[in-house]
Amino acid sequence: MAKFYLTTAIDYANGDPHLGHTLEKVGADCLVRYRRLRGDTTYFVMGMDEHGQKVAMAAEKAGLAPQAWVDQISGRFQSTWRALLCSPDDWIRTTEARHRASVTEFLRRIQQRNPDALFVGEYEGLYCVGCEEFKQESQLVNGRCVEHPERELARMKERNHFFRLSTYGPRILEAIASGAFKVEPEIRRNEVLKVLEGGLEDVSISRARFPWGIPFPGDSEHTVYVWFDALINYITAAGFPEAGYDRLWPADVHLIGKGITRLHCCLWPAMLLAAELPLPRQVWAHGYVQWDGAKVSKSSGTAVSVESAAARHGPDALRYFLLREVGLEADGNFTWERFDERYTADLADGLGNLASRSLAMAAKYRNGVVPAAEPDAAFERVSQERIEAYGKAMDAFDVRGGAESAWAMVTDANQFIVQTAPWALAKEGKEAELDRALGSLARCLYRLAIMSAPFIPGKARALWESLGQAGDPEGAGWTSLAEPGIAGAQTAKPANLFPRPEPAP
RNA sequence: GGCAGGGUAGCUCAGCUGGUUAGAGCACGGCACUCAUAAUGCCGGGGUCGCGGGUUCGAGUCCCGCCCCUGCUACCA
């Protein structure tokens, strides 16, 4: 049994969750549920990044102390993911004591094992007194701060702790080349390789003026730079520095957004190398959800809220849409029209209706009991092909392909129904053939309940129960797909799994 | 500007090392069926494959140029 430790990016606690965050959490949950189905021992972590200047400012704006503010935000994120049927094993927050201990120990470890990796230096940059922060060249307009164009930027120096990132490029490059550290999808790997080949620069990892952070070990005047702090969460959640963290660490996958690829593929591995800890096996950087073609982010206020999207057709439907339509590779678009089309076609008229008609026939002709008959050979053969394609796609994080393969079985089944016409068999008294047809359909629904579970866990379970099965479909395990044990089961027609939307007045 | 990826039916996308009339799903139109959530099945209309050159017996598929889109271009997460 393999171990599968998956993390998602911890979200920055300066605003509410949006659809962009949602894709990642739901995508991760889908992968984890699939691995569970495969029999892996999974460990799935989500959480919050709660330190840093922007959080402190957001708290101040809200009239709250930082801790009170992040408590509130954290609760909001957590309940949002729970409502979307995510199944994390842990919820990590960077303001927790365990994380403070982890960051402190992580830095001490570097200080002990590779003291050269850390040094005190001068950070020099353009400082905006209005914002009270350093500005990057790229942030400036006409050489001025956008927020305070009336002020002159001051060239200032600050004593900082630095991390000698520059020395780790070759080793990271080597880890990627050897496959020990995988960066996916390919487009992201190419980006990272380019950066590494171009050489890394040292980075400052402490801040002197931002009290909302973890004190820098040995220098209480400074706090740990928020990214250095945040990245460590992945190993904190594994239990570091307590004994036994290596049961989970290294992580099998860090699932992140493409915008933070560099931090996860350059800075984080370098930090781990400096601390002499194993690198994660893989970073997967997904694309973004766009709203009508425009980027969805905390800065664009026009975007759909997660609540309204989930309320539209329920949480299962939102998960399904994001996974089927956007997926984890490229960017994808969210529109109400498209969402409604997918919902109606794939869920209501597709899976929902298939379950409805199949179980109605089972009830009508066999009192709901699944006949123990040899399944239809052709239908069975196609189903095995779907299962294989599904597994192949899901293994490669291709959730779109996985959903496509699973839902192709819906079409297969509908075709099978029309071809065999069980109602005609019943009329003609062809009992053996009717048994075969109904038994084949039950097997198909059984498989669909399992294969759809990573996407629509709530509805998959409802289907599972209506098939007279106990527990949840993931628990049935991968091998039960090949040979569903459903003959003799007492089924019941479920309430509409996916009601058709009311026609607009 | 540099680097990377992409521009194929109304929409989302497949099209491997070039080869007969360019595919799928959704949407749309017609027919069939009645077990089902007026659902399903079958058939069909629909594309100058970004633009212009070139190589070739033959090019979405290779080469050159151009246009457009997206991402990255390092201490905002």
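Naming convention: chains lettered A, B, ... in sequence-line order (proteins, then strands); numbering from 1 in each chain. Not measured: the values here are computed from a predicted model.
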Distance check: side-chain N/O of [X] vs OP1/OP2 of [N], anything under 4.0 Å?
X: A:Tyr225; N: B:rA77; answer: yes
X: A:Trp227; N: B:rA77; answer: yes
X: A:Arg338; N: B:rC26; answer: no
X: A:Gln419; N: B:rC42; answer: no

When you get a sec, tell me which of [options] is the closest nucleotide to the side chain of [X]?
X: A:Arg357; options: B:rC35, B:rU12, B:rA39; value: B:rC35
X: A:Phe498; options: B:rA27, B:rU37, B:rA77; value: B:rU37
X: A:Asp49; options: B:rA77, B:rA36, B:rC33; value: B:rA77
X: A:Lys364; options: B:rC35, B:rA77, B:rC42; value: B:rC35
X: A:Asn190; options: B:rC35, B:rA74, B:rA4; value: B:rA4
X: A:Glu191; options: B:rA36, B:rC35, B:rG71; value: B:rG71
X: A:Met361; options: B:rC35, B:rA77, B:rC76; value: B:rC35

Exercise for review: Report which part of the nucleic acid A:Val226 touches: base, sugar-phosphate, or nothing (heavy-atom distance under 4.0 Å, all strands).
Suggested key: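 Sugar-phosphate contact only.
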Exercise for review: Scan A:Leu200 against the nucleic acid and name what it touches under 4.0 Å (heavy atoms): base, sugar-phosphate only, or nothing.
Suggested key: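 Counting heavy atoms under 4.0 Å across all strands, the contact made by A:Leu200 includes a base.
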Can you tell me how far [atom2] of [N] sits from [atom1] of [X], to the nearest Å?
X: A:Asn496; N: B:rA36; atom1: CG; atom2: C1'; result: 10 Å
X: A:Lys258; N: B:rC72; atom1: NZ; atom2: C1'; result: 10 Å
X: A:Asp340; N: B:rA27; atom1: CG; atom2: C1'; result: 13 Å
X: A:Arg400; N: B:rG25; atom1: CZ; atom2: C1'; result: 11 Å
X: A:Leu359; N: B:rU37; atom1: CG; atom2: C1'; result: 13 Å
X: A:Met409; N: B:rG25; atom1: CE; atom2: P; result: 18 Å
X: A:Asp349; N: B:rU37; atom1: CG; atom2: P; result: 12 Å
X: A:Ile256; N: B:rG71; atom1: CD1; atom2: P; result: 16 Å

**Study point:** Quiz item: cation-pi between A:Lys459 and A:Phe498, 6.0 Å / 45°
**Key:** yes
Point to revise | A:Arg312 NZ/CZ over A:Tyr343 ring centroid, <6.0 Å and within 45° of normal | key: no
Nucleotide forming a Watson-Crick or wobble pair with [N], both distances under 3.5 Å:
N: B:rG60; result: none
N: B:rG45; result: none
N: B:rA24; result: B:rU12

Point to revise | Under the side-chain hydrogen bond (donor to acceptor under 3.5 Å, both in side chains) test, residues paired with A:Glu428 that sit two or more places apart | key: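 With sequence neighbours excluded, A:Glu428 shows a side-chain hydrogen bond (donor to acceptor under 3.5 Å, both in side chains) to A:Lys430, given in chain and number order.
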Review point. Do the ring planes of A:Trp284 and A:Phe397 sit parallel (below 30°), tilted (30 to 60°) or perpendicular (above 60°)?
Key: tilted
Review point. Between A:Phe334 and A:Phe321, how do the two ring planes meet: parallel, tilted or perpendicular, split at 30° and 60°?
Key: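 Perpendicular.
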Exercise for review: For A:Ile417 and for A:Gly350, locate the closest nucleotide of RNA chain B by heavy-atom distance; then report the residue assigned to the nucleotide nearer the 5' terminus.
Suggested key: A:Ile417
**Study point:** 5' priority, RNA chain B, between A:Gly52 and A:Lys493 [closest heavy atom]
**Key:** A:Lys493
Review point. Using the purine O4'-C1'-N9-C4 or pyrimidine O4'-C1'-N1-C2 torsion, is B:rG45 syn (within 90° of 0) or anti?
Key: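 Anti conformation here, the glycosidic angle of B:rG45 being more than 90° from 0.
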Exercise for review: Look at A:Arg76 together with A:Asp16 and state whether they make a salt bridge at an N to O cut-off of under 4.0 Å.
Suggested key: yes
